[in-house]
Amino acid sequence: MKRFALLVTLGLTPLAHAQMNMPGMNHGTTLNSGLETLKGRAFDRAFLSMMIVHHQGAVDMSKTVLNNVKDAQVKRWTADIIGVQQKEISEMNTWLKTLGGVDRSVQAGMNTEMKGMITALKASKDSDRGLVEGMLPHHASAIEMASLALQKSSDARVLGLARDIIRSQADEMYAYRQWLIKRGL
């Protein structure tokens with residue numbers, strides 16, 4: 001029920017959520033990786049470790065199309081994604097030093113998901129559309145993870161990051177949908 005409420009809050013229908021799980025965009029394993037069973041420091045360490053890979057996936061997706069996008073707005077989005085998420089990756093790596101370092105065991109599944117999304121993006125014939133459509137499920141997954149962090153984290157830094165991810169990426173998803181609608185896509 002919580003997942004449905006989150007989807008409705010994000011303006012996603014169950015059909016849209018099903019589309020998030022198409023080949024190369026399977027975020028179904030993100031939370032099923034055991035993250036939801038953790039608490040406290042263990043949760044914070046696992047969440048940050050996974051979110052670093054997730055953010056790096058967005059950076060890699062943006063870099064993949066950076067020289068091919070034509071739309072000025074999409075170019076701004078790619079630059080923003082790269083700048084903001086690289087900054088957050090740096091912050092998360094610093095925080096992880098106080099939590100025992102990166103948890104490589106939780107990163108493997110996320111790495112696979114991110115590689116699948118990049119492969120799907122590379123196969124897109126329209127880089128602008130491919131990035132925008134690819135970032136919708138990507139951001140929805142980050143919001144889902146960040147929502148869990150708001151429930152389980154015991155670290156003020158992680159709570160603030162989670163709140164910021166939810167706010168900024170929900171706003172970006174809204175803008176992406178508006179961009180697609182304006183183009184009849």
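Bear in mind the structure is a predicted one, so any value in this text is a computation, not a measurement. The first residue of the sequence shown is numbered 1, and numbering continues consecutively from there.
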Report task. Might you work through the side-chain contact (heavy atoms from CB on, under 4.5 Å) test for I81 and M135, ending with a clear yes or no? Result -> CA-CA 10 Å; I81 289 167; M135 290 311 293; 3.9 Å; yes
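- Counting only heavy atoms from C-beta outward, the side chains of L38 and K152 never approach each other to under 4.5 Å.
- Here the side chains of F43 and L148 are in contact, with some heavy-atom distance below 4.5 Å.
- D164 CG to L159 CG: the interatomic distance, rounded to the nearest 0.5 Å, is 11.0 Å.
- Within the 4.5 Å cutoff, side-chain heavy atoms of L48 are placed close to those of W95.
- One distance of note links CD1 of I52 with OG of S90; it measures 9.5 Å at 0.5 Å rounding.
- For the atom pair K75 NZ and N68 CG, the distance stands at 10.0 Å (nearest 0.5 Å).
- Under the 4.5 Å side-chain heavy-atom criterion for ILVMFWY residues, no single connected hydrophobic cluster contains both W77 and V84.
- Between S127 and L121, the shortest heavy-atom contact is O-CD1, 4.5 Å.
- Partner of I165 under the side chain to side chain contact (heavy atoms under 4.5 Å, CB included) criterion, out of H55, M145, Q85: H55 alone.
- Closest heavy-atom contact between V53 and M114: O-CG, 3.6 Å.
- Residues V69 and I118 share a hydrophobic cluster, clusters being chains of Ile/Leu/Val/Met/Phe/Trp/Tyr side chains in contact below 4.5 Å.
- Distance alone, capped at 3.5 Å, is enough to place a donor-acceptor pair between the T64 side chain and the D60 backbone.
- Formation of a donor-acceptor pair under 3.5 Å by the T112 side chain with backbone atoms of A108 is found in this model.
- Each of E113, M110, R45 was checked for a side chain to side chain contact (heavy atoms under 4.5 Å, CB included) with M50, and the lone residue meeting it is M110.
- Rounded to the nearest 0.5 angstrom, I143 CD1 and L150 CG are separated by 11.5 Å.
- Taking OG of S168 as the start and NE2 of H139 as the end, the distance is 7.0 Å to the nearest 0.5 Å.
- Within the 4.5 Å cutoff, the side chain of H138 has heavy atoms near those of the M61 side chain.
- Under 4.0 Å is where a charged nitrogen must lie from a carboxylate oxygen, and between R183 and D128 no such pair does.
- Two residues are said to be in side-chain contact when any heavy atoms from C-beta on lie closer than 4.5 Å; L185 and V132 fail this criterion.
- To the nearest 0.5 angstrom, S49 atom OG is 10.0 Å from L35 atom CG.
- When all heavy atoms are compared, the tightest approach of A142 to M51 is O-CE, 3.9 Å.
- Shown are L161, V59, N93; of these, the side chain to side chain contact (heavy atoms under 4.5 Å, CB included) with E88 is made only by L161.
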Requested in this report: Please step through side-chain hydrogen bond (donor to acceptor under 3.5 Å, both in side chains) for the pair D103 and S105, ending with a clear verdict.
Outcome: CA-CA 6 Å; D103 183 343; S105 66; 2.5 Å; yes
